[in-house]
4 protein chains.
Amino acid sequence: MTTKAKRRYEPDRRDRIIDSALDVIAQYGVAGTTHRRVAEAADVPLGAMTYYFKGMEELLQEAFARLADTMSSQLRTTLEAVKTKEQARQAIIDWACSEMWKSKRNLILAFELTAFAAREPSLRPQLERWMGISEGYLSQHFGKSTAKVLDAFVDGVVMHNIMSSNHITRDEVTEFVQKLTA
Amino acid sequence: MTTKAKRRYEPDRRDRIIDSALDVIAQYGVAGTTHRRVAEAADVPLGAMTYYFKGMEELLQEAFARLADTMSSQLRTTLEAVKTKEQARQAIIDWACSEMWKSKRNLILAFELTAFAAREPSLRPQLERWMGISEGYLSQHFGKSTAKVLDAFVDGVVMHNIMSSNHITRDEVTEFVQKLTA
Amino acid sequence: MTTKAKRRYEPDRRDRIIDSALDVIAQYGVAGTTHRRVAEAADVPLGAMTYYFKGMEELLQEAFARLADTMSSQLRTTLEAVKTKEQARQAIIDWACSEMWKSKRNLILAFELTAFAAREPSLRPQLERWMGISEGYLSQHFGKSTAKVLDAFVDGVVMHNIMSSNHITRDEVTEFVQKLTA
Amino acid sequence: MTTKAKRRYEPDRRDRIIDSALDVIAQYGVAGTTHRRVAEAADVPLGAMTYYFKGMEELLQEAFARLADTMSSQLRTTLEAVKTKEQARQAIIDWACSEMWKSKRNLILAFELTAFAAREPSLRPQLERWMGISEGYLSQHFGKSTAKVLDAFVDGVVMHNIMSSNHITRDEVTEFVQKLTA
DNA sequence: GATGAATGAGGGTTCATTCAT
DNA sequence: GATGAATGAACCCTCATTCAT
């Protein structure tokens, strides 16, 4: 009878909380992320926060872990269909210019994650694995050096395009990927 | 015997506080940066924090402004002696492999800054100016596209080398800078 | 042995806090009323203050609202049994010489309230309602002018008797109420 | 050469500070009266506050003392020309309806003062003297009882007229003063 | 299992006051 | 004498966390 329906039998509350945590981090930064804000964003009672997570730390770690997972799998999806060197070039260009980076949300999260991971050793493996993905795929088609460098190049382009208003176009990316992999 | 010395008439305390703030940010992140921690790091009384700065916001902004300034001027120093295209190549390689990035401190700060600036529009200009420096110098020797891309490449290398344990060597950087600027 | 008892599930804590707030205001003035002092007076943890009240402002407003309520209802009790003009005279005299004003507490609070209300428009309605009560009752037995004036007279007597040591006696009050209502 | 002229040889700075203190009290209440606000209102350096006054307490006391003085002397001026009983009646009516009470400033100050004096015994004598003034003059023309009561009546009228929007008119005051002094 | 009322540590900030100049 | 830079105590308030239900 009350306006606020009781909320029971909700299997993936934990998941929803994690997603909401990422939203809150994107909006307020890790600095401004509080149990209260996340609870409200996820529409769960405050008590649920420490019921599902041992503490703020655990929540942040899981949130960033999920972020890394999500991005990794997107990247993987882009890369795993690759058969030829030319497809590899195309895939890496696609990724650099992906829609994913059009919204600032993901990049902000990536920066927050990076800064956070630098202080939270437990996140390092996840981060390294993520960063290793493209190298893994790329090294099937190019040398190891080229793979590393291509990877770094893409990261740089993404960062550059978000931070600066002087964008690098798809054509420019294409041109230089050609040069790097000639 | 370390009694609390009276501490008056100390010029450039403001400066010391800003430096300490950067130290604290590097260690605890913006999230964990508090007046109390900074005050202790700078060895000034708590009251000094809001005496010298209108509030936490102002302190963070000035800290990041200084960071941007410091890095900018280092970068400028590296680049301004450049006369020939070959020197430009060398300078950019030097910068990518600079000692500056050996300590995680600066990179962590750069990430915190970036994430913070994304939410603090007042920091954007400073950040953009910083990011534009190398492009400015590089475009005197290469085309505009190449300048942008070189810049992104260097950022990517730096980031890659900090985040991943699979480092890109100086030789590799050199090789690919050659290719990009051929 | 006065260890700090655990103190949960205590109904009407909010009420006790409000009462304690009035005590503190009476003793230290609004100027000297702090969360800490009230918390100690009410024997509740400091955190309870802003848990039960959005802020100091809300606490003060509720405290003064209660004061007005309490006094209003006492006044009403005194007046509502009145049937005849003579009873009305008696009631107003009773009120002027009421025990309520023997303790300075209530008068001090009344002054603090008045001064506070002058700057806090949200309290005005409550204050006006309070001031209108006796007029309402009195005007059933005397003219409107007389009601207003009787009201003012009583307020003046009360104030005078608290502030000055040269008291107005009950007999004197009686005599002049007779003259005013003759 | 600076825009802010040095301020020297200013004989009555202390006085100006006291006046400004009353302004600040009227605007913010004793609760909101700080050295900084008074210093700004008086346009004196902050350091002057504790140079001229031992502390906030002393400042408040002197401010309220001056308030009492000012009001007393105005009252005295109104009353001292009185020769006949009729003039005394007129004078007291004038005072009750005086312009002084038209501005809320003075009444607010009076309330703040009263509340403050109740807690600051050192102000009591001043307050009693003030309250005794009109009685002194009035008792030359009426009986002691009547004098006391007239005094209280006037105070009540003033208070009523400020606090309530249901004003007592001059005619009504006149009518009841006649009754009280018949 | 799940909740939300309750707590107290610690946050940013203000301010009366001190004291070297 | 007069100042204002400097201090630290105390302010209000937020929040992660606990625990009785």
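Quick caveat: nothing in here was measured; it's all calculated off a predicted structure. Lettering follows sequence order; numbering is per chain, from 1.
One can place OH of Tyr51(A) at 8 Å from P of dT3(E), the figure rounded to the nearest angstrom. Atom CZ in Arg14(C) sits about 11 Å away from atom P in dA6(E), given to the nearest Å. As rounded to whole Å, 15 Å separates atom C1' of dA2(E) from atom CZ of Phe53(A). Taking atom CG on Asp12(C) and atom P on dA6(E), their separation rounds to 11 Å, with Å as the unit. Rounded to whole Å, atom P of dC15(E) lies 12 Å from atom CD of Glu40(D). Between Met49(C) atom CE and dC11(F) atom C1' there is a gap of 13 Å when expressed in whole angstrom units. Rounded to an integer number of Å, the gap from CG of Leu46(B) to C1' of dT13(E) is 9 Å.
Shown for residues 55-65 of chain B: residues whose heavy atoms fall under 4.0 angstrom of DNA chain E, namely Gly55(B), Met56(B). Heavy-atom distances under 4.0 Å link DNA chain F to no residue of residues 18-35 of chain D.
With rounding to the nearest 0.5 angstrom, the CZ atom of Arg37(A) is 14.0 Å from the OG atom of Ser20(A). Tyr28(D) OH to Asp23(D) CG: the interatomic distance, rounded to the nearest 0.5 Å, is 11.0 Å. Between Arg14(D) atom CZ and Leu59(D) atom CG the span is 8.5 Å, to the nearest 0.5 Å.
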Side chain to side chain contact (heavy atoms under 4.5 Å, CB included) between Val30(A) and Val30(B), intermediate numbers included: CA-CA 8 Å; Val30(A) 171; Val30(B) 171; over 6 Å; no
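Thr34(D) places none of its side-chain heavy atoms less than 4.5 Å from the side chain of Met56(D). In this structure, the side chains of Arg129(B) and Ser72(B) stay at 4.5 Å or more apart for every pair of heavy atoms.
Nearest heavy-atom pair across Ala26(A) and Ile108(A) is O-CG2, 4.0 Å.
Here the side chain of Thr50(C) is nearest to one of dT14(F), dG4(F), dT7(F), namely dT14(F).
Interface remark: the Arg36(B) side chain does form a donor-acceptor pair with the dG12(E) base, using a distance-only criterion of under 3.5 Å.
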Show which side-chain atoms of residues 45-52 of chain B pair as donor or acceptor with protein atoms under 3.5 Å away, not counting sequence neighbours.
none

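In this structure Glu128(A) satisfies the side-chain contact (heavy atoms from CB on, under 4.5 Å) test together with Arg124(A), Ser165(B), sequence neighbours excluded. With sequence neighbours excluded, the residues satisfying side-chain contact (heavy atoms from CB on, under 4.5 Å) with Arg66(B) are Asp15(B), Ile18(B), Asp19(B), Leu22(B), Thr70(B).
Nearer to the 5' terminus of DNA chain E, by closest-nucleotide assignment, is the contact made by Tyr52(C) (compared with the other of Tyr52(C) and Lys54(B)).
Here Arg16(C) does not pair with Asp43(C) in a salt bridge; the nearest charged N to carboxylate O distance is not below 4.0 Å.
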Intra- and inter-strand pairs of DNA chain F in dot-bracket (Watson-Crick or G-U wobble, both distances under 3.5 Å; | for another strand): .||||||||||||||||||||
